[in-house]
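Right, one structure below, let's go through it.
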There are 2 protein chains.
Amino acid sequence: MVKDYKKSIFEQFARTGKAFSNAHRIELLEILAQGERTVEQLSLTAGLTVANTSQHLQLLRNAGLVTARKVGQYVHYNLSDDLVIDLLVALRKLSERHLAEVERLVNTYLTVKDDLEPMQVKELLDLAEEGVVTVLDVRPEAEYQAGHIEGALSIPMEQLEERIDELKPGQEVVAYCRGPYCMLAFDAVAKLREKGFTAHRLDEGFPEWRKAGMPVEMKDE
Amino acid sequence: MVKDYKKSIFEQFARTGKAFSNAHRIELLEILAQGERTVEQLSLTAGLTVANTSQHLQLLRNAGLVTARKVGQYVHYNLSDDLVIDLLVALRKLSERHLAEVERLVNTYLTVKDDLEPMQVKELLDLAEEGVVTVLDVRPEAEYQAGHIEGALSIPMEQLEERIDELKPGQEVVAYCRGPYCMLAFDAVAKLREKGFTAHRLDEGFPEWRKAGMPVEMKDE
DNA sequence: GACTTATTCAATAGAATGTGTGATTATTGA
DNA sequence: TCAATAATCACACATTCTATTGAATAAGTC
């Protein structure tokens, strides 16, 4: 009796854990941490076929990690709970510390890492308040629409070069994107500095920001 | 280039996640959260064959979640980091909230749950200080030896009935064991009440207690 | 009603995982 | 040196996962 109970309990936990045992599923969850998405959007962003995406989503749904609501012919998926973000963050932290490989990859890609000091949230808030800095959201337009840091300016990374004159030359810029492993903000900072701006990268992405209860502007849902 | 990087990063995360995708492995981690164990001890507690236990441990080791050190012919395993406990806790919380099944199981087994109010840590500390309550560790002797709450009395659950006279009749007792899903303390409280004691169950187990930086006595390692 | 689009379902093949058995490697002690 | 013990390894088998394909369902449009 107790034995059975014990067995079942751990199996339930494993069911949740299983959701995080596949790279594609983790990526889907990370994307959903940005905000609501349809199946097609998810499949495009993650680079999976629609059917495959749908199947992973079913699994995540069965594990209770995401919710789905149908609007017309579209099914909008979302994280069911902020606890999912907690788990993603815990997973990241643990992986960072233990998998030397992760560290290596981060350092390999980000050769300029030391130059791009991430800004602290408090610092940023103060400076933005005073108008000293511009907070720049370099994610795709759609993601900005779905939700962004309060007062942030949206210039998707691909358009940064052509729209760079929207930024005042003397202005200090803080770029952010999806999270610590999102490359967009790194690329943006590199580009901005190349163009003579003082630019920093925000260590956190939008999900962490929202999770921390910081001011955001969200699309009505 | 960026694509490859992205792929690799999520795969590393998945590797960590994979460790939590199997019920036996989660159980092994939960046991290790109590303290260091040998392969044989783990296999006995989890009810697995030694070879099977060893294989799961290899996987956990490759994922960087546990460390092994050889002492004579024994290999002692341990969690490599408190972040692993964080992840276990996050997994529990998320599972609890989302898997109705977990809730159901807890409630089914613990029909007397409402009667056994868990005590809050602060409350407990105050009362223990004043000598009003006895903190009782009902885990097996070996686990107590490896580490326990400061000042706790050890009476393993199996011996509780015969050694019950070690407790003063009027005394209030607070029992604890391995964690929220460990049955020992529930059984103990039931038994103690049957014997006329005022008994409570501590909601947290030893790992949570230690993790929270509360006073413990540990075996020298 | 026919057509288009978004999503899911069903079936399949191939890869990965989990477990038991028995052999193998270390370490200790006689 | 030999036997005993702890742990790991190597293999084999069954099970489970994953991605792909093409069909089915559901909602909107003409």
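Given the structure is predicted, the values throughout are model-derived calculations rather than measurements. In what follows, chains carry the letters A, B, and so on, assigned in the order in which the sequence lines appear, proteins first and then strands, with residues in each chain numbered from 1.
Shown here are the side-chain contact (heavy atoms from CB on, under 4.5 Å) partners of A:Ala14, two or more places apart in sequence or in another chain: B:Ala23, B:Ile26. Not counting sequence neighbours, B:Arg37 has no partner by the side chain to side chain donor-acceptor pair (under 3.5 Å) test. Not counting sequence neighbours, the partners of A:Thr38 by the side-chain contact (heavy atoms from CB on, under 4.5 Å) test are A:Glu40, A:Gln41, A:Tyr74, A:His76.
Of the possible donor and acceptor atoms, one in the side chain of B:Tyr144 sits under 3.5 Å from a partner among the backbone N and O of B:Ala152. Listed for the B:Ser95 side chain is a donor-acceptor partner under 3.5 Å among the backbone atoms of B:Leu91. Put simply, the side chain of A:Arg61 never gets that close to the backbone of A:Tyr77: no donor and acceptor are under 3.5 Å apart. Formation of a donor-acceptor pair under 3.5 Å by the A:Gln34 side chain with backbone atoms of A:Arg178 is found in this model.
Nucleic acid contact for A:Thr49: sugar-phosphate only, since backbone atoms but no base atoms lie under 4.0 Å from a heavy atom of the residue.
Going from atom CG of B:Asn62 over to atom C1' of C:dT17 covers 14 Å, rounded to whole Å. For the pair B:Leu48 CG and C:dG18 P, the computed distance is 12 Å after rounding to whole Å. For the pair B:Asn52 CG and C:dT21 P, the computed distance is 11 Å after rounding to whole Å. Rounded to an integer number of Å, the gap from CG of B:Leu42 to P of D:dT8 is 10 Å. Computed from coordinates, the A:Glu27 CD to D:dT18 P distance equals 15 Å when rounded to whole Å. Atom P of nucleotide C:dA15 and atom CG of A:Asn22 are separated by 17 Å, given to the nearest angstrom. Taking atom CG of residue B:Leu59 and atom P of nucleotide D:dC9, one finds them 13 Å apart after rounding to whole Å. Between the CG atom of A:Leu60 and the C1' atom of D:dT18 there is a distance of 14 Å, given to the nearest Å.
In this structure, the side chains of B:Asp137 and B:Tyr176 come closer than 4.5 Å at one or more pairs of heavy atoms. Within the 4.5 Å cutoff, no side-chain heavy atoms of B:Cys177 are placed close to those of B:Met157. Contact of the A:Leu42 side chain with the A:Leu32 side chain is registered, since non-hydrogen atoms from C-beta on lie closer than 4.5 Å.
At a threshold of 4.0 Å, the pair A:Arg25-A:Glu30 does not count as salt-bridged, since none of the basic side-chain nitrogens sits closer than that to a carboxylate oxygen.
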Please tabulate, one pair per line, each protein N/O and nucleotide N/O from nucleotides 3-7 of chain C that are separated by under 3.5 Å, including the distance.
residue, atom, partner, partner atom, Å
C:dT5, O2, A:Gln73, NE2, 2.7
C:dA6, OP1, A:Glu40, OE1, 3.3
C:dT7, OP1, A:Val39, N, 3.3
C:dT7, OP1, A:Val75, N, 3.2
C:dT7, OP2, A:Glu40, N, 2.9

>> Each nucleotide in nucleotides 11-16 of chain D should get exactly one letter: B, S or -. Can you fill that in based on protein heavy atoms under 4.0 Å?
In response: ------
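An OP1 or OP2 oxygen of C:dT17 is reached within less than 4.0 angstrom by no side-chain nitrogen or oxygen of B:His56. Contact between the side-chain N/O atoms of B:Arg25 and the OP1/OP2 oxygens of C:dT17 is not found at any separation under 4.0 Å.
Taking the screw axis at each terminus of the helix from C:dG1-D:dC30 to C:dA30-D:dT1 from five consecutive base pairs, the angle between the two is 20° to within rounding of 10 degrees.
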